[in-house]
Amino acid sequence: MAILADKNTKLIVQGITGREGSFHTQKMIEYGTQVVGGVTPGKGGEWVHGVPVFDTVKSAVEATGADASIIYVAAPYAPDAMFEAVDAGIKLVVCITEGVAVSDMMRVYDYLRDGNIRLIGPNCPGLLTPGQAKIGIMPGYIAKPGSIGVVSKSGTLTYEVVYALTQSGLGQSTCVGIGGDPVIGTNFIDVLQMFEEDPQTEKVCLMGEIGGRAEIDAAEFIKANMTKPVAAFIAGRTAPQGTRMGHAGAIVEGGEGTAEEKIDALRAAGVRIADNPEQFPELLA
Amino acid sequence: MAILADKNTKLIVQGITGREGSFHTQKMIEYGTQVVGGVTPGKGGEWVHGVPVFDTVKSAVEATGADASIIYVAAPYAPDAMFEAVDAGIKLVVCITEGVAVSDMMRVYDYLRDGNIRLIGPNCPGLLTPGQAKIGIMPGYIAKPGSIGVVSKSGTLTYEVVYALTQSGLGQSTCVGIGGDPVIGTNFIDVLQMFEEDPQTEKVCLMGEIGGRAEIDAAEFIKANMTKPVAAFIAGRTAPQGTRMGHAGAIVEGGEGTAEEKIDALRAAGVRIADNPEQFPELLA
Amino acid sequence: MNLHEYQAKEQFAKYGVPVQTGRVANTAEAAYNIAREMAVPVVVKAQVLVGGRGKAGGIKLAQTPEEAREKASAILGMSIKGHIVHKVLVVPAANIAKEIYLSVTNDRAAGKPLLMASAEGGVEIEIVARDNPTAIIKQHIDPFLGLREYQARNVAAAMGLSREHWRAFAKIAMNLYASFVGSDAVLAEINPLVVTDANELLALDGKMIIDDNALFRQQALEAQRDVSDDPPEVIHARDAGLSYVKLDGNIGCMVNGAGLAMTTMDMTKLYGGEGYGPANFLDIGGGAQADKVAMALRIILNDPQVKSVLFNIFGGITRGDEVARGILQALGEVPTNVPLIVRLNGTNAEEGRRIIEAANLPNVRYASTLTQAAQLAVQAAKGEL
Amino acid sequence: MNLHEYQAKEQFAKYGVPVQTGRVANTAEAAYNIAREMAVPVVVKAQVLVGGRGKAGGIKLAQTPEEAREKASAILGMSIKGHIVHKVLVVPAANIAKEIYLSVTNDRAAGKPLLMASAEGGVEIEIVARDNPTAIIKQHIDPFLGLREYQARNVAAAMGLSREHWRAFAKIAMNLYASFVGSDAVLAEINPLVVTDANELLALDGKMIIDDNALFRQQALEAQRDVSDDPPEVIHARDAGLSYVKLDGNIGCMVNGAGLAMTTMDMTKLYGGEGYGPANFLDIGGGAQADKVAMALRIILNDPQVKSVLFNIFGGITRGDEVARGILQALGEVPTNVPLIVRLNGTNAEEGRRIIEAANLPNVRYASTLTQAAQLAVQAAKGEL
């Protein structure tokens, strides 16, 4: 077992003929993911790395029975790609695309809330169930199967931590990058809940950053509901207040969302705090 | 017991200071309905027929504990009145207003679908639970308590039937006018289901008209799910095809929605058909 | 409210739908001049607010300006299903490679707009629906999200449209939907949408019905209403806020509520039998006051076929006393000997009856039930009363 | 992207929000002329993209045109939190009866826009939030339905606004929301919205932040971007699509991903201690290609405070070979002796390391872990390497 995806997950790639879509399709196939199809309007009938391309998600789902989709299309088109996936019956949608407008995401978020849909992202590295499936852009070699659940707002910081765990012999159940945008499909609490319920997961790593209050909410959830040990790292202790740091999740909002606040809240929930992401292995040992 | 409303229902009147709102507030109070408040923005603090007026539905609900609302505001403002009622926590909304634009109603319908909200109407006479509560504009004296459930697309036709039943000694459990507009909050099937489950209701009268396929859907539902006897009347046998007859529910759509089709479908579902609305008492006897 | 073809096309064009533009002519001479300026074969199309113009001979090809004059002359003034043609649209004749059907309407059961398309365009969609229903592709539209490009693409794929046309088709479908929303339409239809021999998509025809209930915010469209084809009583009824439809029978009906109005009509036919039935549908609406009732009665009495009038008012929001005052007001202005059968019930019915009784009118009879009222109206019409 | 007060007000006015209009002056003389034309006491307001202008002396009342010139002269050229004032806005002084706070922003947790209002306007809302949080009234907005009048009315009631102002307040709130949506803003704020002594509502100030991710469809707003206040490296970084923030330390950081960039900064401070820390935040983003990496490196090396550079690239969508090529490209154009600590991992990291190694650069050191890289960068900055 693992969460969200495993070796039975049938994946389609939206934007498969693009530069990133094509490159990562190959990487996902090499990792062992069941990539059953791709979608690029107007290119139906072509093949990419042995994967058939369809014109619409609907036709791809009908032909392949896909139950998951990954989105690599450009930001102005990503919201429609998400709507299209959902309307075609996809239950797990992972949106890698960076730079989606927040007003668009609010509409997507509202639309999805009605259905039984799981959206990861956007602006995220996707997820990796070591040894089973990779739906995203995480380098596959950094992970190995095991019992640590990893959840993170930040993409590359996730790689650091997963790599450090693997180097120390600690394998992972599933690694999930939820993205740091203001509005995202799946938040810390959703994933923590899944890890809490997943028999394979024994301990959890959480990586947050300054801005917003998602880590505070996570701390409250952990205190109230988690029986499994959690260790955490919060990026941005040295970031000056009020300065935009790359993505919107990293705006320090007047007196709220500082690293100190978040660390205090997590500590109060019994979470062990790492000062350095390479410290996780010793905290979890 | 009865369906939708009874003597414990606490009602507020949106548009209480208007001509119709004020008139029918008095009639509803005279009938015994618990009218606990009214709403007209800018007139909070006034009183109408002994009922306190509030500026917003929110404040009316907070002050009175109302659980139902009736709307008498003009058509351009009726959609917002419905949204306001729902956002204030009202669970039963009855919209009397005639002439609401269909595009507005589609938005209302979509918005309500998420919540556990019951909307009756718009463009309907509301409902009457004889001897307990009148939420609408049906003349109170035409009804008396009993075991016949009445559901109808048409307002005044409902009165005819209820009056005829009462004159023949057949009382009613609840009388519901669902309205004949293209998009309505509650359809025949919703009400038939309630009557089927309501222990007080023994038999059901249904009044439909030409246009649309709501009566065909009702016939299918009756065939599959109703154990209680149903009698029906369909108005519009003499209406020429394709001519608009008052409201949009009465457009005959090319070859579909004729009175004959509907009568045939209902008959096939075991429903007794009245040729004249005053025939119901003998059909139900 | 129905729009003429040329009005619908103007509306479509405003939202970016490529339409075959043309010009409207009121006279054969004007049609000749337009055709001469166009300097290509043209089609002369009757502009009437009713379907089936082609079958009725209201659409004609003309190779020359002279022929255009001749065809226009034949079409102008002709009656199509009772509608007199006052205008023709003159358009360049198109070279058609393929005909598509495309429309947006409302699915009342789903509570959502519905896009319908078919590769079998150019014929009446009702015929396709009957003979080959799977050829009609349906796509519901979320009223908040609007029509998305991928939905239009799914429709294009399902109807077997050649892939080279998908982008253009999707754009047309999205723009048609925008025109539907922006105009508060209940129907926006292109039939046919053609692929020309130059491989471009073009709307050759256009039909649009506007939601009467939304005209309060569509004043520019309401101002385009063509009343030239409406009889005076229809115009009067509309201005007074009455729903009125003239029928062939001889028993005038004045009723509150559409359903009860139809029921009342049905009753006159049920008891009237051969040769006797409703002269009209007339719904005075909810809460009608005296002025409106008076206008309704004047409209009914203006019909020379009317031999008796049945008033069936079951008041809820409408009040019997207001109706009674309206009847007396109209009779004061337009005295009549036509028998009047009055049946008042519901809100303030007693007061209403008292008001009429006080006027001591010799040609008024009262009924207490609908059945009795219908029977009396039939007897009166037959001269048996 | 931040808008100036005068730009935000123009945007608000476009959507029907009553704003106190004024005119912008670049010189004291221009301010004098504007004040003379207005012929009333004026307020001279610094136009800088930073808060706290009032406290910093950037907003001054002037009774006469001469005084306006004098105040403008003092304000133009002053530095407010490091931002030089290049423009002032001259507005008529208003007679204020009451000050209100009103804004629309996004509630990320709820995934919805949020209207916030307070009767305690005119002060920083953060202070109200801290000292009297219940004075801030919050109303979520459905992104599909938009702000409804009754919601604005509920807010007006909750903030204790006098009922005579409800209608005007609701209209302003709805129009402010429309400007927020129409401009793809993440913040639209009026502080204060005043009730004048003539009992009218008027926006005296305006603030607007546009979603950078939506600028692709807000080209008219992007064209208004004021870069006069931005140092060249910020402009270069933005043009190249890099996220760059100059900091006070001495260790240059080039990282892919915002979270890892902050982490890398944190590590340089953790191991650097007093006097050593990050010289910048720089996120090259996902999938950066060689040109972008080269520009990033040029920007870092252009900072004279930088004593060592730490490259921390953990490739996912970014590829190590592309980064390596970018580093070499930049070093080819701008040779440097600054120590470079290179840590590549993830996608194509091996190829990347091989490419750099092949160039045999004397000032490059490699690290395999982030800890080691940070430690090396600190040592290099201290001259201990």
Side-chain angles (χ1 to χ4, degrees), chain A residues 19-20 24 27 75-76 96 98-107 109-110 113 125 136-139 142 152-160 163-164 180 182-183 187 207 209-210 212-214 217 233 235-240 243-250 254-255 259 275-278, chain D residues 51 106 108-109 111-113 124-126 129-130 142-144 180-181 184-186 211-214 216-217 243 245 247-249 255-263 265-271 277-278 281 283 285-287 312-319 345-347 349 369-371 374:
Chain A
R19 184 175 184 269
E20 303 305 338
H24 288 286
K27 296 282 179 195
I96 303 302
E98 188 181 345
V100 179
V102 65
S103 59
D104 290 342
M105 268 316 296
M106 290 192 297
R107 293 160 68 92
Y109 185 77
D110 201 78
R113 195 151 30 177
I137 59 176
M138 293 190 205
I142 63 172
S152 172
K153 250 192 195 176
S154 154
T156 46
L157 177 54
T158 314
Y159 312 164
E160 283 290 1
Y163 184 69
V183 178
N187 60 33
M207 284 83 82
E209 59 190 29
I210 52 170
R213 50 172 289 119
D217 294 338
F233 174 80
R237 294 197 211 199
T238 56
T243 306
R244 189 184 156 100
M245 291 286 172
H247 55 60
D275 290 323
N276 172 338
E278 288 168 336
Chain D
N106 290 317
R108 52 176 89 189
K112 288 181 177 181
E124 280 186 44
I125 194 66
E126 291 82 357
R130 193 190 61 205
D142 183 295
F144 288 107
F180 173 88
V181 171
D184 268 306
V186 293
D211 182 357
D212 289 341
N213 288 338
F216 71 92
R217 60 185 174 212
S243 289
V245 179
L247 300 172
D248 289 336
V255 189
N256 63 324
L260 189 57
M262 286 192 287
T263 302
M265 287 157 50
D266 294 349
M267 292 302 101
T268 65
K269 187 75 197 166
L270 184 67
Y271 294 108
F281 166 88
D283 170 15
N312 185 25
I313 305 296
F314 208 129
I317 207 157
T318 304
R319 306 176 196 172
N345 209 335
T347 308
T369 68
L370 171 54
T371 306

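Note on naming: letters A, B, ... go to the chains in the order of the sequence lines (proteins, then strands), and numbering restarts at 1 for each one. Hydrogens, waters and symmetry mates are skipped; everything else that's a heavy atom, side chains included, is used.
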Heavy-atom pairs under 4.5 Å with chain A: which of [options] has the most?
options                        : answer
D:G346, D:G285, D:A349         : D:G346
D:V186, D:I313, D:D211, D:V181 : D:D211
D:A214, D:A109, D:G257, D:G111 : D:G111

>> Once side chain to side chain donor-acceptor pair (under 3.5 Å) is applied, do any residues pair with A:E20, and if so which ones, sequence neighbours excluded?
In response: none
> Non-hydrogen atoms of chain A under 4.5 Å away: do they reach the side chain of D:L370, the backbone, both or neither?
Replying inline: both
> Checking D:N312 against chain A: side chain, backbone, both or neither under 4.5 Å from a heavy atom?
Replying inline: side chain
I'd like to check [X] versus [Y] (side-chain heavy atoms, cut-off strictly below 4.5 Å). Are they in contact?
X      : Y      : result
A:P182 : D:N106 : no
D:T263 : A:E209 : no
A:N276 : D:Y271 : yes
A:P139 : D:F314 : yes

>> Below 4.5 Å, heavy-atom pairs only: which of A:N187, A:V183, A:D104 has the largest tally toward chain D?
In response: A:D104
> What residue, out of A:M138, A:E160, A:H24, has the most heavy-atom pairs lying under 4.5 Å from chain D?
Replying inline: A:E160
>> Test of understanding: with side chain to side chain contact (heavy atoms under 4.5 Å, CB included), list the residues that count as partners of A:A214, not counting sequence neighbours.
In response: A:K153, A:F188
By a 4.5 Å heavy-atom criterion (distance strictly below it), what part of [X] contacts chain D: side chain, backbone, both, or neither?
X      : answer
A:P76  : both
A:R113 : side chain
A:V102 : both
A:Y109 : side chain

Working to the nearest 0.5 Å, report the span between [atom1] of [X] and [atom2] of [Y].
X      : Y      : atom1 : atom2 : result
D:M267 : A:R237 : CE    : CZ    : 7.5 Å
D:N345 : A:Y163 : CG    : OH    : 4.5 Å
D:N213 : A:E98  : CG    : CD    : 8.0 Å
A:T238 : D:D266 : OG1   : CG    : 4.0 Å

If every non-hydrogen atom of [X] is compared with every non-hydrogen atom of [Y], which pair is closest and at what distance?
X      : Y      : value
A:E278 : D:T369 : OE2-CB, 3.2 Å
A:A235 : D:G259 : CB-O, 3.6 Å
A:A101 : D:R217 : CB-NH2, 3.5 Å
A:M106 : D:P143 : O-CG, 3.9 Å

> Given A:S103 and D:D184, is the side chain to side chain donor-acceptor pair (under 3.5 Å) satisfied, shown in steps?
Replying inline: CA-CA 7 Å; A:S103 59; D:D184 268 306; 2.8 Å; yes
